[in-house]
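First comes the structure, then the notes that go with it.
In what follows, chains carry the letters A, B, and so on, assigned in the order in which the sequence lines appear, proteins first and then strands, with residues in each chain numbered from 1.
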Amino acid sequence: MSRFYITTPIYYVNDAPHIGHAYPTVTADAIARWHRMLGDETMFLTGTDEHGLKIQRAAEANGVSPQEQADQTSQRFRDAWELLDISNDQFIRTTEPRHHTAVQELLTRVKENGFIEKGSYAGYYCVACEAYYNEDDLVDGTNCPIHERPAEWFEEDNYFFKLSALEAELLDWLNSDTVFPEGKRNEALGIIKLGLEDVSITRTSIDWGVPVPWDDDHVFYVWYDALINYATAVGFGADIDEFNRWWPEAHHIIGKDILRFHCVYWPAMLIAAGLQPPKQVHVSGFLLVGGKKLSKTGLTQIAPADLVEDFGVDGFRYHFLRDVSFGPDSEFSYEQMVSRYNSDLANTLGNLLSRVTTVVHKKCGGVGPTPDPESELAAVAAESYAASAAGWDKLQAPVALDAVWNLLRETNAYLERNEPWKMDEGSDEVATVMGDALEVLRLAAILASPALTRSSDAIWTAIGLTGSPSDQRLPEAASWGGYPGDLEVIKGTPLFPRLKAPDA
RNA sequence: GGCGAUGUAGCUCAGUUGGUAAGAGUGCUCGACUCAUAAUCGAGAGGUCGUGGGUUCAAGUCCCACCGUCGCUACCA
């Protein structure tokens, strides 16, 4: 049996869940669902990142403790993922005791291996921003670019991670098919070529963080705590055998804004701790609204719940999986979402189910016949499965789904050529054509189930099957001829009612 | 400034290691059909593959320059 471990980024709790969070989460969810159908032992992790200065300050502003602040926002992420049928096996929070244990153990290992040293960090510090600036970034050589007031020269003692000592190991890792797509791997290589400097990984100025076990005055800087969540969740610091079972299969899904951390710092930390770097990191682009990064537009009010109201859970999931390809940035568009829903879900799939169930009722007495083993659609279905499986394997949901829709389009054309509605009721020929169509719907329900968590079940039931397509095992269930026939076919209301275009 | 990414039909995008006369979906036009959610099927129009050079028997696919857009330039999640 194979094992598969997939993670989303953990989301920072200073921000409410929006579609920029939902996209990678839905993607990881669909991939996890696919692997479960393959029979893989699957672990799917998401969660929240809860330490750091921003949280501490947000809590102060709201008059609550940092923990209360984190609790509230973390719950909003849980709610959002429940709404979207996210099937995560775990939801990790960096404030959990098990995570503190894991962080302390992992970084202690790094220290014992000689990769952590004490030093001091010095630079121009803007108190209003609570951040350091490079001299080059200062306006007129002295002023903070945001607050336009003088930044002060600060020095603080920090512990430093000796990143610079790991260049060779990092290059090896990056050159062994680990970071996708290719362009993002090159960006990571570019970061290394610019020269690696040691990084400060602790803070004395705040206390909302994981304490440094060997020095009470310090907490770990939030990033070096956050990354370790992926290890905590599968047992690091608690059950090393469990960790060793899962860790070699770790696949991270991230956004390009955190590439540096996941493709340089994180593998370096793991190597320094004597552990394996992640198996794969898949980097997505940004979702843009009006050409701007979502989190910078103030349009984060595009809440998943609002879109679910208009498109349903499946409509929401399908749009992001089908239209947003991994790698490049892509523009979010409500109009595009409507167009995709109508053409793929309402017209191609939903309408196919409607016409098939109707004809089965008119010509086959409402009982689904068996498919023809020699059907011309069998080859199309085999091709569709192969392409879809290849797409999921590369974490390319648009490719995987397009392959399924290709089969659906071919089936609409097949019906058009054969015109079963003109055939004699109860004849062998109409039984053959409709059996084939029902078999395609069975296959489509299975192959689309990672995306359409609800309507795939509805299709399954409508063609008379029991259970759920998501319980089927691949690849066996994808071979032609699995529809048993002699089942009662139910003619229901349209699965995906067409939507009107907005302000048309 | 330095490094890097990207620019293919109206729109969203595919285009492996350079090689049959450039593709898909959607949109548009025309036709067919009427089982079906004004759905479906067929046909067609539509691209000098950002611009200009170069390498090659052959380039969207490699090299150079330029233009446009975007990102990174380190502790801001």
Side-chain angles (χ1 to χ4, degrees), chain A residues 9-15 48-55 94 121 123 129-134 136-137 146 158 160-161 163 181-184 186-191 193-201 203 221-227 255-261 264-265 285-286 288 291-293 295 322-325 327-331 333 335-336 339-340 342-363 396 398-399 402 405-406 409 411-417 419-423 430 434 437 491 493-499:
Chain A
I10 52 173
Y11 303 110
Y12 205 54
V13 293
N14 70 335
D15 198 3
T48 43
D49 181 11
E50 308 186 354
H51 289 130
L53 187 59
K54 280 191 186 176
I55 306 305
T94 56
Y121 190 87
C129 297
E130 300 221 45
Y132 284 100
Y133 284 96
N134 291 323
D136 294 345
D137 294 332
I146 293 172
N158 286 138
F160 281 76
F161 172 47
L163 183 64
E182 189 76 12
K184 301 301 181 194
N186 289 336
E187 281 190 31
L189 287 169
I191 289 168
K193 279 179 195 151
L194 285 174
L196 294 174
E197 289 181 21
D198 297 341
V199 292
S200 138
I201 61 169
R203 292 289 183 276
Y221 174 56
V222 61
W223 260 113
Y224 301 90
D225 132 30
L227 289 163
K256 68 177 184 181
D257 52 334
I258 52 179
L259 180 146
R260 168 185 299 277
F261 293 95
V264 180
Y265 297 174
F286 289 146
L288 310 176
K292 290 182 178 171
K293 186 187 171 187
S295 59
R322 175 61 186 80
D323 282 322
V324 183
S325 69
D329 291 350
S330 65
E331 188 77 24
S333 146
E335 291 71 20
Q336 167 71 10
S339 157
R340 180 62 74 184
N342 281 338
S343 70
D344 285 15
L345 298 182
N347 297 351
T348 303
L349 174 58
N351 182 57
L352 177 63
L353 178 67
S354 291
R355 65 197 307 210
V356 167
T357 55
T358 297
V359 176
V360 168
H361 271 262
K362 288 190 176 176
K363 299 290 182 179
Q396 291 176 349
V399 173
D402 186 55
W405 260 256
N406 190 48
R409 285 188 290 268
T411 304
N412 273 320
Y414 173 79
L415 291 179
E416 217 57 45
R417 284 195 301 276
E419 302 184 306
W421 45 88
K422 288 184 177 173
M423 294 173 173
V430 79
M434 297 320 293
K491 177 156 176 53
T493 53
L495 209 49
F496 302 102
R498 273 184 69 87
L499 298 172

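Counting non-hydrogen atoms under 4.0 angstrom, Asp225(A) reaches nothing in the nucleic acid. Residue-level contact check: Gly350(A) touches the bases, meaning some heavy atom is under 4.0 Å from a base atom. When heavy atoms are screened at a 4.0 angstrom cut-off, Leu495(A) is found touching base atoms of the nucleic acid. Counting non-hydrogen atoms under 4.0 angstrom, Ala346(A) reaches a base of the nucleic acid. Using a 4.0 Å heavy-atom cutoff across all strands shown, Leu353(A) reaches no nucleic acid atom at all. Within the 4.0 angstrom heavy-atom criterion, only backbone atoms of the sugar-phosphate kind lie near Val222(A); the bases stay farther away.
Where Ile10(A) and Tyr414(A) meet RNA chain B, the nucleotide closest to each residue was compared, and Tyr414(A) sits on the side nearer the 5' end. Along RNA chain B, the nucleotide nearest Ile201(A) and the nucleotide nearest Ile191(A) are compared for position; the residue whose nucleotide lies closer to the 5' end is Ile191(A).
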Verdict with reasoning, Arg498(A) to Asn347(A), per side chain to side chain contact (heavy atoms under 4.5 Å, CB included): CA-CA 8 Å; Arg498(A) 273 184 69 87; Asn347(A) 297 351; 2.9 Å; yes
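Comparing the C1' positions of G46(B) and G10(B) gives an interatomic distance of 9 Å, to the nearest angstrom. Between the P atoms of U20(B) and U29(B), the separation comes to 34 Å (whole Å). Taking atom P on both A43(B) and U26(B), the two are 14 Å apart, rounded to the nearest angstrom. For the P atom pair drawn from A59(B) and G54(B), the interatomic distance equals 12 Å after rounding to whole Å. Across A9(B) and G52(B), the matching P atoms stand 16 Å from one another, rounded to whole Å. U69(B) and G27(B) have their C1' atoms separated by 25 Å, given to the nearest Å. Using atom P as the reference point in both A58(B) and G25(B), the two lie 34 Å apart (nearest Å). When the P atom is used for both A65(B) and G19(B), the distance is 25 Å, rounded to whole Å.
With G42(B), C76(B), C35(B) as the candidates, the nucleotide lying closest to the side chain of Trp421(A) is C35(B). When each of U40(B), U37(B), A74(B) is scored by its nearest atom to the side-chain atoms of Glu416(A), the top-ranked nucleotide is U40(B). In the set A74(B), G4(B), C41(B), the nucleotide with an atom closest to the side chain of Ala413(A) is C41(B). Minimum atom distance to the side chain of Arg355(A) is reached by A36(B), of the listed C75(B), U37(B), A36(B). Distance from the side chain of Tyr265(A) is smallest for A74(B) among the nucleotides C76(B), A74(B), A39(B). Of the candidates C35(B), C75(B), C72(B), C75(B) carries the atom nearest the Ser200(A) side chain, counting heavy atoms from C-beta on. Listed nucleotides C76(B), C35(B), A36(B) differ in distance to Val359(A); the shortest reach to its side chain belongs to C35(B).
Taken to the nearest 0.5 Å, the OG1 atom of Thr94(A) stands 11.0 Å off from the CG atom of Leu227(A). Rounding to the nearest 0.5 Å places CE of Met434(A) at 11.5 Å from NZ of Lys362(A). The CZ atom of Arg340(A) sits 14.0 Å away from the CG atom of Leu499(A) when rounded to the nearest 0.5 Å. Atom-to-atom distance recorded for Leu352(A):CG and Tyr414(A):OH is 12.5 Å, nearest 0.5 angstrom. Distance CG/Asp49(A) to CD1/Ile258(A): 9.5 Å, rounded to 0.5 Å. Taking CG from Leu196(A) and OH from Tyr265(A), the interatomic distance works out to 8.0 Å, rounded to the nearest 0.5 Å.
Checking the phosphate oxygens (OP1, OP2) of U34(B), a side-chain nitrogen or oxygen of Lys422(A) falls inside 4.0 Å. Between Arg498(A) and the phosphate of A39(B), there is a side-chain N or O to OP1/OP2 separation shorter than 4.0 Å.
As rounded to whole Å, 18 Å separates atom C1' of A14(B) from atom CH2 of Trp405(A). To the nearest angstrom, C1' of C75(B) lies 13 Å from CG of Leu53(A). Rounded to an integer number of Å, the gap from Leu259(A) CG to A74(B) P is 16 Å. Taking atom CD of Glu419(A) as the reference point, atom C1' of C41(B) lies 10 Å away to the nearest angstrom. Rounded to an integer number of Å, the gap from Asn412(A) CG to C33(B) C1' is 13 Å.
Looking at heavy atoms from C-beta onward, Tyr224(A) lies in side-chain contact with Val199(A) at the 4.5 angstrom threshold. Contact annotation: the side chain of Ile191(A) approaches that of Leu259(A) to within less than 4.5 Å [non-hydrogen atoms, C-beta and beyond].
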With Watson-Crick and G-U wobble geometry limited to distances under 3.5 Å, how should the secondary structure of RNA chain B be encoded in dot-bracket form, using | for bases paired to another strand and [ ] for crossing pairs? (((((((..((((.....[...)))).(((((.......))))).....(((((..]....))))))))))))....
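Of all the heavy atoms in Val13(A) and Glu50(A), the pair that sits closest is CG2-CA, 3.9 Å. The shortest heavy-atom contact between Ala188(A) and Val264(A) is O-CG2, 4.3 Å.
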Report each atom pair, protein N/O against N/O of nucleotides 24-31 of chain B, whose distance is under 3.5 angstrom.
none

